[in-house]
Amino acid sequence: MVVVDELSFKFVENEGFRSFSNQLEPRFKVPSRTTISKYCINLFTSERKKLKKQLRSERICLTTDTWTSIQKYGYMCLTGHWIDKEWRLQKRILNFVRIIDHTGEGLGNEILNCITEWGIKKIFTITMDNASVNDVVARYLTRKTKEWKSTILEHEFLQVRCSAHILNLIVKEGLSEYNESIEKIRLAIKYVKGSSQRLEKFKKCVANAEISCKSLLCLDVETRWNSTYLMLETAIKFEKAFNELEDQTNFDILNWWRLNSYRFPILSQVARDVLAIPVSTVASESAFSTGGRILDPFRSSLAPKTVEALICARDWLCCKSNLNEIEEMLIDVDKYEELDKGSVFAILH
């Protein structure tokens with residue numbers, strides 16, 4: 001269960017799971033996570049022996065790719081493909097190993113170590129994407145394996161280029177003619193999904209437009225054309241809702257620049273300066289209203305520095321929506337003023 005359902009080892013120590021197990025069979029002693037981790041390793045070792053025995057008589061086609069984890073560790077996945085004696089297509093992940101050397105020679109050597117460890121002597125092809133480093137990998141493996149007895153044509157045709165990757169490049173090139181339109185749709189979806197308020201407003205527009213589609217707006221991964229297709233396919237169903245939202249929404253120039261600053265890095269810096277220019281003195285005049293509340297009849301003896309501290313601090317804290325701290329601070333200031341007055345009287349007397 002832990003392996004198949006991708007659960008953490010500590011799952012077995014969760015109170016809910018232990019209670020559930022106790023209800024099913026009170027006599028069953030739930031193992032610790034240490035025991036579970038050992039069991040998983042033993043299971044892996046046992047299954048690996050079975051698979052290794054099965055692969056001895058098969059001619060294997062390989063696929064490989066690399067990946068970077070959130071910890072910034074590089075990993076390589078090596079997968080074996082073959083058709084068994086019952087004519088069933090089989091696929092198994094052979095290795096999922098951390099890699100340090102990302103050069104072609106380094107990756108090729110890692111793959112060679114993996115297949116050697118498995119005892120694989122019959123390699124037919126290896127399928128990789130079109131990255132230039134993979135050409136080096138293919139040449140390295142060809143050089144190292146062409147003398148093997150089971151090698152066909154000295155592995156002259158060992159490398160197979162990933163057709164999905166090629167297709168992706170073709171479609172991306174075709175979509176480049178419509179890149180401006182696609183980018184507008186992408187930004188519109190980002191705008192709607194950028195806040196819960198805008199999303200709720202968009203849902204009302206969907207209801208008003210009587211759109212019955214149950215699909216949800218989705219953003220694409222720009223390097224994957226199929227996800228771009230899904231984004232466009234969904235967005236076109238909500239065209240009327242987008243039009244209504246546009247009619248209802250005032251143009252937010254700052255939000256537009258926030259979303260588009262990466263496209264105009266220099267101009268966006270100019271915009272940040274220009275758009276910050278105030279068109280009136282209301283911002284400063286409103287401070288006098290605050291000053292009037294602070295300098296009420298009961299606090300008319302506040303020192304100028306104290307007034308400045310109160311007005312400025314209130315403005316700064318309001319920007320953080322932290323009015324509770326302001327009230328506490330005002331109480332502290334009252335105490336400070338009382339103490340200050342006391343010290344003055346002490347000096348006078």
Side chains of [X] and [Y]: closer than 4.5 Å at any heavy-atom pair?
{"X": "R263", "Y": "L187", "value": "yes"}
{"X": "L219", "Y": "R186", "value": "yes"}
{"X": "L112", "Y": "T145", "value": "yes"}
{"X": "N95", "Y": "E110", "value": "no"}
{"X": "M231", "Y": "S227", "value": "no"}
{"X": "W82", "Y": "Q54", "value": "yes"}
{"X": "I111", "Y": "I126", "value": "yes"}
{"X": "E239", "Y": "N243", "value": "yes"}

[X] side chain vs [Y] backbone, donor-acceptor pair below 3.5 Å:
{"X": "N208", "Y": "K204", "answer": "yes"}
{"X": "S46", "Y": "N42", "answer": "no"}
{"X": "S261", "Y": "S268", "answer": "no"}
{"X": "T151", "Y": "E147", "answer": "no"}
{"X": "N134", "Y": "D129", "answer": "yes"}
{"X": "T64", "Y": "C77", "answer": "yes"}
{"X": "N113", "Y": "N109", "answer": "yes"}
{"X": "K146", "Y": "E156", "answer": "no"}
{"X": "D101", "Y": "T103", "answer": "yes"}
{"X": "R198", "Y": "Y191", "answer": "yes"}

State the [atom1]-[atom2] distance between [X] and [Y], to the nearest 0.5 angstrom.
{"X": "E117", "Y": "L94", "atom1": "CD", "atom2": "CG", "answer": "10.5 Å"}
{"X": "N168", "Y": "S163", "atom1": "CG", "atom2": "OG", "answer": "11.0 Å"}
{"X": "K10", "Y": "I36", "atom1": "NZ", "atom2": "CD1", "answer": "15.0 Å"}
{"X": "S181", "Y": "E183", "atom1": "OG", "atom2": "CD", "answer": "10.5 Å"}
{"X": "E233", "Y": "N226", "atom1": "CD", "atom2": "CG", "answer": "11.5 Å"}
{"X": "I99", "Y": "L107", "atom1": "CD1", "atom2": "CG", "answer": "5.0 Å"}

Check against side-chain contact (heavy atoms from CB on, under 4.5 Å), R59 and I152: CA-CA 11 Å; R59 188 175 296 279; I152 297 176; 3.9 Å; yes

Is the number of heavy atoms from other residues, nucleotides or ligands within 6.0 Å of [atom1] ([X]) greater than 12?
{"X": "F264", "atom1": "CZ", "result": "yes"}
{"X": "R92", "atom1": "CZ", "result": "yes"}
{"X": "F96", "atom1": "CZ", "result": "yes"}
{"X": "L24", "atom1": "CG", "result": "yes"}
{"X": "L89", "atom1": "CG", "result": "yes"}
{"X": "F17", "atom1": "CZ", "result": "yes"}
{"X": "K172", "atom1": "NZ", "result": "yes"}
{"X": "Y39", "atom1": "OH", "result": "no"}

Determine the interplanar angle of the F202 and F238 rings, folded into 0 to 90°, and report it as parallel if under 30°, tilted if 30 to 60°, perpendicular if over 60°.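 Ring orientation, 0 to 90° scale: tilted.
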
Measure up the Y75 and W67 rings against each other and bin them: parallel (under 30°), tilted (30 to 60°), perpendicular (over 60°). tilted

Do [X] and [Y] belong to the same hydrophobic cluster, where Ile, Leu, Val, Met, Phe, Trp and Tyr are linked whenever their side-chain heavy atoms lie under 4.5 Å apart, directly or via other members?
{"X": "L169", "Y": "I166", "answer": "no"}
{"X": "L232", "Y": "L217", "answer": "yes"}
{"X": "L51", "Y": "I60", "answer": "yes"}
{"X": "L158", "Y": "V133", "answer": "yes"}
{"X": "L216", "Y": "V192", "answer": "no"}

Where [X] and [Y] come nearest, the two heavy atoms and their spacing:
{"X": "L78", "Y": "C114", "value": "CD2-CB, 3.7 Å"}
{"X": "V137", "Y": "M128", "value": "CG1-SD, 3.9 Å"}
{"X": "E244", "Y": "C205", "value": "OE1-O, 3.7 Å"}
{"X": "I185", "Y": "A235", "value": "CG2-CB, 3.8 Å"}

Is there a side-chain contact (heavy atoms from CB on, under 4.5 Å) between Q159 and L141 once you walk through the steps? CA-CA 9 Å; Q159 183 181 14; L141 291 174; over 6 Å; no

Checking I123 against W148 for the side-chain contact (heavy atoms from CB on, under 4.5 Å) test, could you report, in this order, the C-alpha distance in whole Å, the side-chain angles of both residues, the deciding distance, and whether it holds? CA-CA 10 Å; I123 302 174; W148 290 6; 3.9 Å; yes

Under a 3.5 Å threshold, yes or no: a donor from one side chain and an acceptor from the other, between T34 and S37? no

Start with the C-alpha gap between L62 and I115, add the side-chain angles, then the distance that decides, and say whether side-chain contact (heavy atoms from CB on, under 4.5 Å) holds. CA-CA 10 Å; L62 300 171; I115 59 180; 3.9 Å; yes

Step by step, work out the salt bridge (charged side-chain N to carboxylate O under 4.0 Å, His left out) result for E15 and R18. CA-CA 5 Å; E15 184 179 347; R18 288 184 173 272; over 6 Å; no

